[in-house]
Each structure stands twice: as C-alpha cells, then as structure tokens.
*Asks:* 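Sharing a structure here in structure tokens format.
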Number of protein chains: 2
Amino acid sequence: MTPQRRRASVVDVAKRAGVAVGTVSNVLNRPEVVAPATKERVLAAIEELGFVRNGRARELRAGRISTVGAVVLDIRNPFFTDVARGIEDRLERDDYTLMLASSDDDPDRERKYLRLFEEHGVHGLLVVPSSADLAHLTAIQARGLRVVVLDAPSSLEGLSSVAVDDIAGGALAAAHLLDRGHERMVFLNGSHSIRQCAGRRAGVDRAVLARGMDPAGVVEEISLRSLDAAGGDLATSRLLDAGGPPSAVFCVNDLVAVGVQRALRRAGGTELLRRVAVVGYDDIEVAAELAVPLTSVRQPTHEMGWAAADLLLEPVDSERHVVFQPELVVRASSAAGPA
Amino acid sequence: MTPQRRRASVVDVAKRAGVAVGTVSNVLNRPEVVAPATKERVLAAIEELGFVRNGRARELRAGRISTVGAVVLDIRNPFFTDVARGIEDRLERDDYTLMLASSDDDPDRERKYLRLFEEHGVHGLLVVPSSADLAHLTAIQARGLRVVVLDAPSSLEGLSSVAVDDIAGGALAAAHLLDRGHERMVFLNGSHSIRQCAGRRAGVDRAVLARGMDPAGVVEEISLRSLDAAGGDLATSRLLDAGGPPSAVFCVNDLVAVGVQRALRRAGGTELLRRVAVVGYDDIEVAAELAVPLTSVRQPTHEMGWAAADLLLEPVDSERHVVFQPELVVRASSAAGPA
DNA sequence: GGGCGCTCGTGAGACGATTCACGCCATGAC
DNA sequence: GTCATGGCGTGAATCGTCTCACGAGCGCCC
C-alpha cells in the first residue's frame with residue numbers, strides 16, 4: 001500500500017517470506033505443491049508488498065501469449081464495435097484479451113498498428129484490411145503468427161478469412177431499387193482499394209446486368225473520402241447544388257446514409273426526404289429509429305466477430321474461409337418511386 | 001520470409017551479420033554510431049531473417065512502457081468511442097498506444113481488466129469507474145502507476161480526474177422539462193453505484209428543489225439494468241402496461257432514449273411518440289436524425305478524452321481535476337407539454 | 001615514436017518470472 | 001538399520017533486448 005520507488009518483484013517477496021524465488025513462483029502457479037504454512041507466509045508477503053506479477057517478464061520467459069490484436073477500419077462505426085464485441089466474447093471463453101485499434105482506412109496506420117502488435121508478441125491478428133494488397137499480412141503469417149482477415153472475401157493468398165458476401169449485398173440493394181422502378185441511382189461508395197467497396201459495386205453491376213441494363217447508364221458512383229455521416233452529407237449537398245436530388249441513393253454504410261438524410265432534410269425538409277429512396281448498409285441499431293427508417297443490408301456482426309476469433313484460436317493450421325450471407329431489411333426510406 | 005519454428009532474435013541477426021549483439025542493438029536504436037558498411041550488413045541480415053523486435057523483452061529490459069490502458073463502461077455506446085478517439089489522438093502525439101477494454105458496468109470485469117493492464121506494465125490507466133468504490137484505483141496508484149479517472153467528479157481520494165459536471169447536466173435536463181410545465185417525470189437511470197447516474201439524479205433533484213417542489217412527488221426514478229436501447233424499450237413497455245404513458249421521460253443516455261422512442265412508437269405510433277417529452281444524454285451523432293429528433297445533454301467527448309490522456313502523459317505528479325460543463329441541445333422530442 | 005583522442009565495435013550483466021534437476025528430511029517397510 | 005518413497009523447497013539457468021565500461025585500431029601532432 002505504501003508508495004514505492006520500484007515495483008516489488010518475486011525476489012522481494014521471497015526475501016520477505018524467507019523462501020526461495022522458486023517457491024514464490026510455485027505459490028502463484030502451482031499452489032498445490034506448496035505446504036499450506038509456507039503458502040500462507042508467501043501470500044502474506046505478497047499482500048504486504050502489493051506485489052503484482054510483471055506480465056512482460058512472465059510472457060518473455062514462458063513464450064505464452066494470451067493477447068490478440070485487431071485492427072478495424074473505424075472504431076466509431078457501430079458495425080465494427082459490434083464485430084469487436086463478437087470477438088471479445090469468443091476470446092473471453094479462452095481467457096484471451098483483445099487489443100483494439102482503428103486504422104481509419106489508412107494503410108500506413110494499419111501497418112503501424114500491425115507492427116506494434118507483432119512486436120508486442122500477440123498470439124494472432126484480426127485485420128479488416130484497408131487496402132487490396134495483403135502481402136504484408138502473408139509476411140506476418142510466414143513469421144509464425146496467425147492472421148485472420150475479416151470482411152475481405154477474394155484472393156486471400158493463404159490467409160484464413162471471415163466475410164460477408166459483399167457482392168450479394170450490393171446486388172440485394174441494387175435489385176431492390178430496380179424493383180421499385182428506379183432506372184438511375186447514385187452509389188455513394190468508398191475507394192475501390194477498400195475491398196468491401198469494390199465488392200458492393202460488383203454486386204450492383206451484377207443486379208443491373210441481370211436486368212439487361214447497362215451499369216454505366218444506371219449507376220452514378222461517387223467516391224467518398226470519409227465513410228461517415230459528414231461524408232454522406234457533403235456529397236449530397238454537392239449533388240443538390242449541381243442538379244437537384246437523385247431519385248435513388250445507395251450508401252456503402254448506414255452512417256453515410258444518415259448524412260444523406262441530414263442533407264436532404266436541410267435542403268427540402270421531410271418532404272424532400274420522402275421523395276428520395278435511400279438504402280444503407282450494416283443495419284446499425286438506430287437505423288429503424290431514424291426520421292425516415294432506413295432500408296439497409298444487414299450483416300451478422302456478432303457472429304462474424306465470433307467466427308473470426310474462433311479461427312484464430314483453433315489449433316488448426318490450414319486455411320479456412322467462412323462466408324456469411326447478408327440480408328435486406330426493408331423500411332420506409334426506400335419507399336419512394338422514380339421521379 | 002520463410003516460415004520458422006522460432007522467431008529470429010538479435011543473436012541470430014548478429015551471427016548472420018558477423019557482428020556482436022550490441023552492434024545489432026545499436027543499429028536499431030542509435031544508428032548514427034554505427035559505420036555505414038556495418039549497418040548495411042546488419043540491415044540485410046534483419047531483412048533476410050524477417051527479424052521483428054520482441055517488444056516484451058525490450059520493455060522488460062528498458063522499463064520503458066508506451067502503452068496506456070483504458071477501461072470504459074460500454075464500447076458500443078458512441079459516447080465512449082468518441083472519448084476513446086480523443087484519448088487516442090492525444091496519445092498518438094507522443095507515440096503511445098491505447099489498449100481499450102469494456103467493463104459492461106461490471107466491477108468484476110473492470111477489476112479483471114485493470115489487473116491485466118497492470119501486470120502488462122502499462123504506463124498508466126484511464127478508468128471510467130463502474131462503482132463508487134475507488135479503493136482499488138488508489139491502491140494501483142500507490143504502486144506507482146498513473147491513474148486518471150474519467151467521468152467521476154466527487155470524492156476522488158487523491159486521483160486525478162476529468163469529468164463533466166453531471167449534476168449540472170441532470171439539472172439542465174430536469175429544468176428544461178419543468179419549464180415546459182411537466183410536474184411529473186420519469187427518470188430512466190442506472191444504478192446509483194454508477195457515479196454518473198447518482199450525479200445526474202442529484203442534479204434533477206436540485207432543479208426540482210429550486211422551484212420549491214418536492215422531488216419525491218415529481219420524479220419517478222426507474223433503475224435499468226442495461227443502459228442501452230433494449231433497456232429503455234423494456235422499461236417503457238412496462239410503464240405502458242402498468243398505467244399508460246408518462247408525459248415526460250429523462251433518460252440517462254441517448255441509447256436508452258432511442259429505446260423509449262421505439263417502445264412508444266410500437267405501442268401508439270408517431271402520434272403517441274409526439275405526446276411524450278423525451279430528453280436524452282450524450283447527444284450522439286444520430287440524435288438529430290431520429291424520427292423525432294432528440295433533445296439531449298451534450299458532453300464534449302473528444303475534449304474529455306484528450307484532456308484525460310494529457311493528464312496521464314504529463315510529468316506532473318500532483319492531483320489535478322478538469323471539469324467540463326455540459327450543454328443542453330433542444331430538439332423536437334421535448335416539445336410536448338404535460339398531459 | 002610516444003601519447004592522445006576518436007570512432008567503432010564488443011560482450012557480460014541486468015531486467016523479472018519460470019522451470020527443472022536436485023537435495024533434504026521424514027516416514028514406513030523389511 | 002537400511003533403503004525406497006514421496007513431499008517440499010532450492011537456486012541456477014533461461015527467455016530476448018539494451019546498456020555501458022572497455023578495448024582495438026587508426027590518425028595526428030609534437
């Protein structure tokens with residue numbers, strides 16, 4: 001309890017209890033081999049000195065590692081925190097801990113965190129890659145770490161993965177808007193170097209082609225720099241300034257859709273809001289509670305996190321892939337027909 | 001690049017480059033003292049072996065620690081992720097890293113994570129305490145770690161803190177409802193062992209007393225087990241079953257308020273929703289975009305996180321307290337008058 | 001040519017916990 | 001009385017990195 005210059009170590013405890021360091025270690029790790037009286041003395045000394053094990057030394061010696069690192073794209077997006085929660089729940093079962101970091105879609109930040117985790121000696125890494133190039137991940141795996149890629153379905157070069165079928169998701173959304181009669185739509189997407197973005201676009205194209213139409217004539221894709229409400233708001237404002245509202249907008253995630261709705265309402269009130277069909281992606285918790293409840297593509301977030309952590313902890317050494325199917329949740333925001 | 005049984009160590013690198021281990025270390029840490037030719041050889045060996053520093057050994061030896069641990073109440077609440085972002089931004093400036101964990105309002109989980117972080121040897125800890133008892137935190141501080149308490153203003157027993165004035169926040173919300181003429185209100189709160197909850201209740205009482213009324217007659221407080229949309233939904237459903245809708249509801253956070261709105265709408269459509277005045281807390285990003293935009297108490301989240309990290313990194317050793325003032329953001333949800 | 005200073009590189013020791021081969025002692029069987 | 005057995009405890013060696021006191025080699029100047 002008294003402030004100390006230096007943390008107490010096993011040596012200090014051993015001295016205080018009048019035993020050897022090995023005995024202290026035994027009390028901590030295999031208490032059953034220590035006689036009760038001795039154990040008592042050691043525990044008392046630990047208490048008095050406020051001794052706390054030094055995990056770094058412990059892991060250095062033992063090689064044991066019970067931490068897992070995860071790098072997601074944006075920690076403020078509920079989609080990723082839900083996935084993280086799924087990861088955590090699975091890890092807890094095996095007494096592992098999660099270190100979470102957010103790359104902000106920035107490959108450099110991603111690399112920085114991956115390196116940090118690797119130096120730190122994590123058991124494995126869960127990564128939502130921010131670019132299409134996975135060479136740095138295969139290199140890490142080659143060094144003996146387990147790597148599981150989340151949300152990046154294709155061309156995995158030997159890495160295990162958990163993903164939702166983004167092509168199917170994009171197709172669901174686009175088909176829904178086409179069904180409503182929209183023959184032109186705006187797609188607010190992220191950079192195609194983000195795999196989910198490229199995949200959803202491919203799905204959109206597939207749905208359009210399936211109806212014998214030409215994607216180039218139907219889909220106007222706008223690439224956003226920031227995939228959040230601010231990004232959606234800004235892009236929509238520009239559209240309105242440029243030539244009036246589109247009749248249908250598909251957004252690469254729900255936060256962007258929230259921004260779209262915000263800009264529409266600001267420009268033309270609820271009336272304008274109801275005239276534009278908006279479809280989001282992720283089905284975040286508040287999607288149903290918005291001014292105009294949002295039609296969205298739902299992904300099984302918790303299950304994805306769980307499955308990813310599962311792949312990481314499993315002793316299996318082979319490459320494995322888990323693909324979940326997305327689901328369209330139809331609400332009022334997509335009710336509007338074409339202009 | 002080739003898979004290896006064991007991670008390459010400095011010894012391996014030294015052998016390969018034909019130098020001493022100290023030289024390898026110098027290349028990594030003080031490259032300017034190594035002759036160019038030697039440095040070249042060492043770097044080549046590092047590349048060939050895929051050598052990655054072992055951070056555990058490094059920190060063990062150096063005592064140097066560049067990690068900070070944070071334990072927040074609920075990682076899915078945007079309030080906490082915004083605070084976390086503030087922390088991260090401040091830490092990044094000094095090349096520190098954040099390990100984030102979520103206690104789920106559970107003191108046992110909180111203790112578990114704190115212990116883990118302490119064993120891990122973090123530089124310091126940022127904690128949003130889940131109970132009123134801070135003895136375990138002072139004990140940690142006594143052992144030489146820096147501890148900053150977030151969002152817990154009173155009786156700090158020597159711990160530095162960053163907080164928003166919860167009493168003022170509770171008072172703002174209650175005064176607003178009283179101004180609208182509501183003489184009865186429901187307060188959906190969490191356990192009073194959570195300090196923010198106790199503080200906001202105190203603020204509510206203060207506002208009521210300031211008008212010469214009796215809190216017991218005005219405020220019906222309901223204690224929720226889970227402070228999220230599900231919790232608010234459930235409590236509201238029960239209220240409706242028991243005796244019809246209240247005229248005013250103050251929620252301890254916005255997620256709870258979202259749940260309240262959901263239950264109201266389910267029971268009586270938008271019409272019922274507009275008849276009940278609802279005030280939330282935190283002003284999360286989507287608060288303005290809900291079906292009925294939510295009146296809420298805004299807290300400067302990013303600044304709080306930044307300030308907390310600042311206290312942790314500063315070399316100052318004295319106890320410091322930073323208190324931010326909350327702000328009421330009035331929107332449509334609180335427009336309804338008394339029944 | 002002896003002394004001095006400088007640049008580079010060396011390698012043993014330290015950080016703190018764990019492990020394991022070993023020794024001590026008491027007990028009990030023959 | 002001897003020997004085997006088993007329960008307890010010991011402490012040196014180990015993990016991988018960094019530090020630091022030291023020394024080798026070289027050039028330069030008086």
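Labels below follow one simple rule: chain letters A, B, ... track the order of the sequence lines, proteins then strands, and each chain is numbered from 1. Fair warning: this is a prediction, and the values are worked out from it, not measured in the lab.
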*Asks:* Check the distance between D/dG16's P and B/Lys15's NZ and give it to me in whole angstrom.
*Replies:* 11 Å
*Asks:* Could you check how far CG of A/Asp12 sits from C1' of C/dA17, rounded to whole Å?
*Replies:*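 So the two atoms are 13 Å apart, to the nearest Å.
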*Asks:* Give me each pair satisfying salt bridge (charged side-chain N to carboxylate O under 4.0 Å, His left out) with a member in residues 301-311 of chain A, each pair once, sequence neighbours excluded.
*Replies:* A/Arg90-A/Asp310
*Asks:* I need the full list of salt bridge (charged side-chain N to carboxylate O under 4.0 Å, His left out) pairs touching residues 111-133 of chain B, with sequence neighbours left out, sorted by first then second residue.
*Replies:*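 Sorted result for residues 111-133 of chain B: A/Glu92-B/Lys112, B/Arg115-B/Glu119, B/Glu118-B/Arg143.
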*Asks:* The criterion is side-chain contact (heavy atoms from CB on, under 4.5 Å); which residues satisfy it with B/Glu88, sequence neighbours excluded?
*Replies:*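 Per chain and number, B/Glu88 pairs via side-chain contact (heavy atoms from CB on, under 4.5 Å) with A/Arg109, A/Tyr113, B/Arg85, B/Leu98.
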*Asks:* Side chains of residues 8-15 of chain A: which donor-acceptor partners sit under 3.5 Å, not counting sequence neighbours?
*Replies:*
unit_1: A/Ser9; atom_1: OG; unit_2: A/Val11; atom_2: N; d: 3.1
unit_1: A/Asp12; atom_1: OD2; unit_2: A/Arg6; atom_2: NH2; d: 3.3
unit_1: A/Asp12; atom_1: OD2; unit_2: A/Ser9; atom_2: N; d: 2.8

*Asks:* Would you call B/Ser131 and B/Ile194 a side-chain contact if the rule is heavy atoms closer than 4.5 Å?
*Replies:* no
*Asks:* Atom CD of A/Glu32 and atom P of D/dG9: how far apart are they, to the nearest Å?
*Replies:*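 To the nearest whole Å, that distance equals 13 Å.
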*Asks:* What is the distance, to the nearest angstrom, from the CZ atom on B/Arg56 to the P atom on D/dC15?
*Replies:* 14 Å
*Asks:* D/dG7 P sits how many Å from A/Lys39 NZ, rounded?
*Replies:*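 Rounded to whole Å, this separation is 15 Å.
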*Asks:* Could you give the CD1-to-P distance, from A/Ile46 to C/dA17, as a whole number of Å?
*Replies:* 10 Å
*Asks:* Can you sort out the partners of B/Asn26 under side-chain hydrogen bond (donor to acceptor under 3.5 Å, both in side chains), two or more places apart, ordered by chain and number?
*Replies:* B/Arg30
*Asks:* For residues 69-110 of chain B, pull every pair meeting ring-ring contact (aromatic ring centres under 6.0 Å, His included), keeping only residues two or more places apart or in separate chains.
*Replies:* B/Tyr96-B/His123
*Asks:* For a quick check, with a 4.0 angstrom heavy-atom cut-off, what is the B/S/- contact string for nucleotides 22-27 of chain C, read 5' to 3'?
*Replies:* ------
*Asks:* Show me the pairs that pass ring-ring contact (aromatic ring centres under 6.0 Å, His included) and involve residues 12-50 of chain A, at least two apart or across chains.
*Replies:*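 Non-adjacent pairs meeting ring-ring contact (aromatic ring centres under 6.0 Å, His included): zero.
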*Asks:* If the sugar-phosphate is the primed atoms plus P, OP1 and OP2 and the base is the rest, what is the B/S/- string for nucleotides 17-28 of chain D, using protein heavy atoms under 4.0 Å?
*Replies:* BBB---------
